Amino acid sequence: TPLLDTKDSLWVGGSTLLASKRDEMVAVFRVEVRRTLESLGGLLDSGDLNALHSELHQLVGQCGAMSALRLSDHVQRCKANFTLETLKEVELLLEETLRAMDAAAADLAREQGAPSSSQQSVATDPASATHSQPAQSAGGSMGEEAPARQLVGIGVDDSMMCRLIHKTLF
């Protein structure tokens, strides 16, 4: 299985606007997939198998939406017996996948004669891709700042969001 489906419209040349949206999606993917992996580690530690299954399903969808075929396939195959060792394998495969995404974006930028901002995204603070909002603790009071799991403020329009949802569901 290839790391990325480079024939998917996300990784095929197009307008500068598409490149900008793709770079934003990659930046969001970097942040959200790492959050998902952190959550998986906590769920493995706690033994919450129902939440673990749900989080693994989310990870498969995140990878599928970005055409990260090998990572998505690996997680799908390991869902029934996901362990800390599997999580380490996924983390290594994620790093390899992110390098492939950077390379694909750089190739597309060269083809279009424009710099790739996904290369710049790697050097920037990943938290800048999302907004923070106060987190509510179990007791109901407002607690410390926690990153919101949303795409607000990064310019992902409705058509791009629909594409992400469609790829996740189908």
Side-chain angles (χ1 to χ4, degrees), residues 1-13 18-46 48 51-112 114-132 146-151 154-156 160-161 163-165 167-168:
T1 305
L3 281 171
L4 292 178
D5 178 4
T6 55
K7 292 183 172 106
D8 184 277
S9 61
L10 182 64
W11 299 105
V12 175
L18 176 60
S20 156
K21 297 298 181 191
R22 178 184 52 248
D23 290 343
E24 290 175 11
M25 289 173 62
V26 169
V28 170
F29 176 75
R30 284 178 190 282
V31 172
E32 292 300 317
V33 77
R34 285 192 173 111
R35 280 193 191 131
T36 301
L37 293 180
E38 285 178 26
S39 177
L40 287 170
L43 293 170
L44 283 168
D45 289 342
S46 72
D48 186 345
L52 179 68
H53 179 76
S54 177
E55 204 72 8
L56 286 167
H57 183 73
Q58 178 177 330
L59 179 58
V60 169
Q62 288 170 322
C63 296
M66 296 303 294
S67 300
L69 299 179
R70 191 178 303 166
L71 187 53
S72 179
D73 288 350
H74 183 71
V75 173
Q76 187 65 41
R77 278 192 315 271
C78 298
K79 277 170 80 170
N81 191 23
F82 200 83
T83 64
L84 285 174
E85 184 177 318
T86 310
L87 181 58
K88 290 176 186 173
E89 293 170 5
V90 168
E91 289 169 344
L92 292 173
L93 190 51
L94 170 63
E95 293 309 315
E96 188 178 357
T97 301
L98 292 173
R99 286 190 299 273
M101 287 179 176
D102 291 342
D107 289 347
L108 287 171
R110 274 192 299 278
E111 288 174 15
Q112 297 174 350
S116 167
S117 62
S118 92
Q119 290 293 339
Q120 296 169 351
S121 298
V122 176
T124 61
D125 177 16
S128 65
T130 59
H131 288 74
S132 292
R149 298 188 99 179
Q150 55 188 332
L151 299 174
I154 64 162
V156 175
M160 192 62 67
M161 181 58 79
R163 182 178 188 285
L164 281 168
I165 293 168
K167 288 189 83 167
T168 301

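Owing to the predicted nature of the structure, the values given are computational and were not obtained by experimental measurement.
Scanning for side chain to side chain contact (heavy atoms under 4.5 Å, CB included) contacts around L37 gives L40, L59, L87, V90, E91, L94, with sequence neighbours left out. With sequence neighbours left out, the salt bridge (charged side-chain N to carboxylate O under 4.0 Å, His left out) criterion links D48 to no other residue. The side-chain hydrogen bond (donor to acceptor under 3.5 Å, both in side chains) check on S72 picks up nothing, with sequence neighbours excluded.
Across all non-hydrogen atoms, the minimal contact from W11 to A104 is CE3-CB, 3.7 Å. F29 and M101 get closest at one heavy-atom pair: CE2-CE, 3.7 Å. Contact record, P2 with L69: O-CB, 3.5 Å, taken as the closest heavy-atom pair. Closest non-hydrogen pair, K7 versus V12, comes out as O-CG2, 3.4 Å. Listed here is the closest heavy atom pair of A68 and T97: CB-CG2, 3.7 Å.
For the pair F82/H53, no side-chain contact is recorded, criterion being any heavy-atom separation below 4.5 Å from C-beta on. Looking only at side-chain heavy atoms (C-beta outward), M66 and L71 stay at 4.5 Å or farther from each other. Contact annotation: the side chain of R34 approaches that of L98 to within less than 4.5 Å [non-hydrogen atoms, C-beta and beyond]. Side-chain contact between D5 and L10: absent, with no pair of heavy atoms (C-beta onward) separated by less than 4.5 Å.
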### Message
Test salt bridge (charged side-chain N to carboxylate O under 4.0 Å, His left out) on D102 and R30; report intermediate values, then the result.
### Response
CA-CA 11 Å; D102 291 342; R30 284 178 190 282; 2.4 Å; yes
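Taking CG from L4 and SG from C63, the interatomic distance works out to 10.5 Å, rounded to the nearest 0.5 Å. Rounded to the nearest 0.5 angstrom, E32 CD and M25 CE are separated by 12.5 Å. Atom CD in Q58 sits 4.5 Å away from atom OG1 in T36 (nearest 0.5 Å). Going from atom CZ of R99 over to atom CG of L3 covers 9.0 Å, rounded to the nearest 0.5 Å.
Side-chain contact of T86 with T83: a donor-acceptor pair under 3.5 Å is present, judged by distance alone.
For residues 64-89, every residue pair satisfying the salt bridge (Lys or Arg N to Asp or Glu O under 4.0 Å) rule, not counting sequence neighbours, is listed here: R70-E96.
Checked by atom type and distance alone, the side chain of S39 never pairs as donor or acceptor with a backbone atom of R35 at under 3.5 Å.
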